[in-house]
Amino acid sequence: MSLHWALICHGLITLTIVVSFLCGQWPIFQGTPISSIHRFLTFGAYQYFLRFIGAVFGDRGTNLILSVEYYCCDRPNPILQLIYLAIIGTTYYIIVKTSFSYIPGYYLSEVHRYASSLAVAVGILLFLVTSFSDPGTVKADNVSRYLSAYPYDNIIYTEKECPTCKIPKPARSKHCSLCNRCVARFDHHCGWMNNCIGERNTRYFLAFLLWHFLLCIYGTIAIGLVLAGRLKELQIVHVLTVYYGVDNSLRSLAPYVVQWLLDAHNTQILLMVFMGVVSLLLAGFFAYHANLCLTNTTTNETFKWQDYISWQKKLIEARASTAALKANIAGMTTEGKPRESKCKSFFRQSLLQDTEAIVKKNVYDKGFFHNLYEVVFPVSTRASFLHTKSKSG
């Protein structure tokens, strides 16, 4: 059972590290060990590493590491793309080497040999399409059409010029410092794709997330059926109950079956755990971005709204403090009149102003079906947009 517990501990540690790295900054994890591990992985470990390099190799070593950091983090590069291809290629190769010899089996037909290859190929195709598609680059020759496509809401978007591109900045666009271009309906820059996610390729990005989630679920279930087939073909339950006298109940058989699986098929078990964890992460990412699309919001706009609401709250607090100060002064000069409780007056005014001022008014949210239509059929791909282009040209 030592191998059994070692694999369980390995899976738990891996899951904790992955969740901490990807989700440790979420508000739900604030003040927990997950948040502390996230800070160490994303900042603390790197700072300790830089100090170690500086102590051992001096400034030359530190400058070299900073140069590598600049290349990896502050400019477009294919590193994460190559890592993605390595992960999916290596995972599929291990599946082929360890599991294809049992296909066809008791529960799986031979068609899954070809179905799995097709599923991986579609996933790679979606990855390439998302990586190399135009996210919706705003240029001098199409900026006027994007200006008419997305009106300014005068809350988080106002008329201004892009200081880098020197062209008017359409609403919902953002200049990506990594790609050095303005992108229409900018969502975020995805390092895995080495590309921005914007108006024209959000649909491909969502398809990529959904397909890879389904691919991981398919792989997990398929390997599970392979292992179930091996149990059936080798009659493991029959051997345990008849020859070893184990009680024929799930509670009694489970430890022995699990031990046999970990001894005989530990690689497949690790693959199932890995794909199960990745599928959960992909499900979370897809749900988040799908919700953004169905409410016609982007990741960039989410941060803008957070900044706007935070600024409004500070403004309200300042106004409330000023009103309370004026009320105190007025109370000192007024005698003989019953006054409302200062505390009650303060909270009444503050809550009223908070309700009136901090209301998120997303003018781009035009309903479920319209929002979905805008993602599937972007504005710049429609005939009206192209017709405007030919007229202006």
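Sequential numbering from 1 along the given sequence is applied to the chain's residues.
Cluster annotation: Ile65 is connected to Val56 through the hydrophobic network of ILVMFWY side chains, with a link wherever side-chain heavy atoms come within less than 4.5 Å. Under the 4.5 Å side-chain contact rule for hydrophobic residues, Leu41 and Ile53 do not share a cluster. Hydrophobic cluster membership differs between Tyr152 and Val183, with clusters built from Ile, Leu, Val, Met, Phe, Trp and Tyr side chains linked at under 4.5 angstrom. Under the 4.5 Å side-chain heavy-atom criterion for ILVMFWY residues, no single connected hydrophobic cluster contains both Tyr204 and Ile124. Using a 4.5 Å cut-off between side-chain heavy atoms of Ile, Leu, Val, Met, Phe, Trp and Tyr, with links allowed through other members, Val376 and Val129 fall into different hydrophobic clusters.
A donor-acceptor distance shorter than 3.5 angstrom exists from the side chain of Thr295 to the backbone of Leu292, with no hydrogens or angles considered. A donor-acceptor contact shorter than 3.5 Å is absent between the side chain of Asn291 and the backbone of Ala287. Between the side chain of Asn63 and the main chain of Asp59, a donor-acceptor pair closer than 3.5 Å is present. Distance alone, capped at 3.5 Å, places no donor-acceptor pair between the Ser252 side chain and the Ser249 backbone. Using modelled atom types, no side-chain atom of Arg203 and backbone atom of Val375 make a donor-acceptor pair closer than 3.5 Å. Side-chain atoms of Arg251 never come within 3.5 Å of backbone atoms of Asp247 as a donor-acceptor pair (strictly under, hydrogens ignored). With hydrogens and angles disregarded, a donor-acceptor distance shorter than 3.5 Å links the side chain of Thr98 to the backbone of Ile94. Between the Thr381 side chain and the Pro378 main chain, a donor and an acceptor come within less than 3.5 Å of each other. Side chain of Ser116 to backbone of Arg113: a donor-acceptor contact under 3.5 angstrom is found.
His212 and Tyr218 have their aromatic ring centers separated by at least 6.0 angstrom.
Distance check, rounded to the nearest 0.5 Å: CG of Leu128 to CZ of Phe132 gives 6.0 Å. The CD atom of Gln306 sits 11.0 Å away from the CD1 atom of Ile156 when rounded to the nearest 0.5 Å. The distance from atom CZ of Phe286 to atom CG of Leu281, rounded to the nearest 0.5 Å, is 15.5 Å. Taking OG1 from Thr164 and NE2 from His175, the interatomic distance works out to 4.0 Å, rounded to the nearest 0.5 Å. To the nearest 0.5 Å, atoms NE2 (His289) and CG (Leu210) are separated by 13.0 Å.
Across Thr298, Thr202, Asn300, Thr299, a single residue satisfies side chain to side chain donor-acceptor pair (under 3.5 Å) together with Asp187, and that is Thr299.
If you check the side chains of Tyr107 and His112, you find no donor sitting under 3.5 Å from an acceptor. Side-chain contact annotation: Thr130 with Asn195, donor-acceptor N/O pair under 3.5 Å absent. Ser117 and Tyr92 form a side-chain donor-acceptor contact under 3.5 Å, judged by distance and modelled atom types alone. The closest side-chain donor-acceptor pair between Thr32 and Ser35, if any, does not fall under 3.5 angstrom. Judged by distance alone, the side chains of Ser310 and Asp307 never bring a donor and an acceptor atom under 3.5 Å apart. In this structure, a donor-acceptor pair under 3.5 Å is absent between the side chains of His370 and Asp365.
By the 4.5 Å heavy-atom criterion applied to side chains, Asp134 and Asn201 are not counted as neighbours. Gln268 has its side chain within reach of Tyr102: a pair of non-hydrogen atoms, C-beta onward, lies under 4.5 Å apart. Side-chain atoms of Phe57 and Thr62, non-hydrogen and from C-beta on, never get closer than 4.5 Å to each other. Using a 4.5 Å heavy-atom threshold, the side chains of His188 and Cys190 count as touching. Proximity of Arg181 to Pro135: side-chain heavy atoms (C-beta onward) are separated by under 4.5 Å at one or more points. The shortest side-chain heavy-atom distance between Glu161 and Lys166 falls under the 4.5 Å cut-off. Contact annotation: the side chain of Leu240 approaches that of Leu253 to within less than 4.5 Å [non-hydrogen atoms, C-beta and beyond]. A heavy-atom distance below 4.5 Å is found between the side chains of Val237 and Asn248.
Between Ile103 and Ser109, the closest heavy-atom pair is CG2-O, 3.4 Å. The nearest pair of heavy atoms linking Thr137 to Asn142 is O-ND2, 3.1 Å. Here the closest heavy-atom approach between residue Gly136 and residue Glu199 is recorded as CA-OE1, 4.4 Å. Nearest heavy-atom pair across Leu262 and Ile269 is CD2-CG2, 3.8 Å. Taking each heavy atom of Phe213 and Leu282 in turn, the nearest pair found is N-CD1, 3.6 Å. Taking all atoms of both residues into account, the shortest heavy-atom contact from Asn371 to Cys293 is CB-O, 3.4 Å.
For Trp192, the CH2 atom counts as densely surrounded, since its 6.0 Å shell holds more than 12 non-hydrogen atoms of other residues, nucleotides or ligands. For Tyr288, the OH atom sits in a packed shell: over 12 heavy atoms of surrounding residues, nucleotides or ligands are nearer than 6.0 Å. For Phe52, the CZ atom sits in a loose shell: 12 or fewer heavy atoms of surrounding residues, nucleotides or ligands are nearer than 6.0 Å.
Between Phe208 and Phe205, the ring planes lie parallel to each other; the angle is under 30°, not in the 30° to 60° tilted range. Taking the six-membered ring where the residue is Trp, Tyr364 and Tyr157 present perpendicular rings, their angle passing 60° and hence far from 30°.
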- For side chain to side chain contact (heavy atoms under 4.5 Å, CB included), just list the numbers for Cys216 and Phe274, CA-CA rounded to whole Å, side-chain angles, deciding distance to a tenth of an Å, and then say yes or no. CA-CA 9 Å; Cys216 288; Phe274 171 73; over 6 Å; no
- Run the side chain to side chain contact (heavy atoms under 4.5 Å, CB included) check on His189 and Ile197 step by step: do they pass? CA-CA 6 Å; His189 180 91; Ile197 305 301; over 6 Å; no
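Ion pairing between a basic and an acidic side chain is recognised when a charged N comes within 4.0 Å of a carboxylate O; Arg185 and Glu374 show such pairing. Between Arg172 and Glu301 there is a salt bridge, since a side-chain N of the basic residue sits under 4.0 Å from a carboxylate O of the acidic one.
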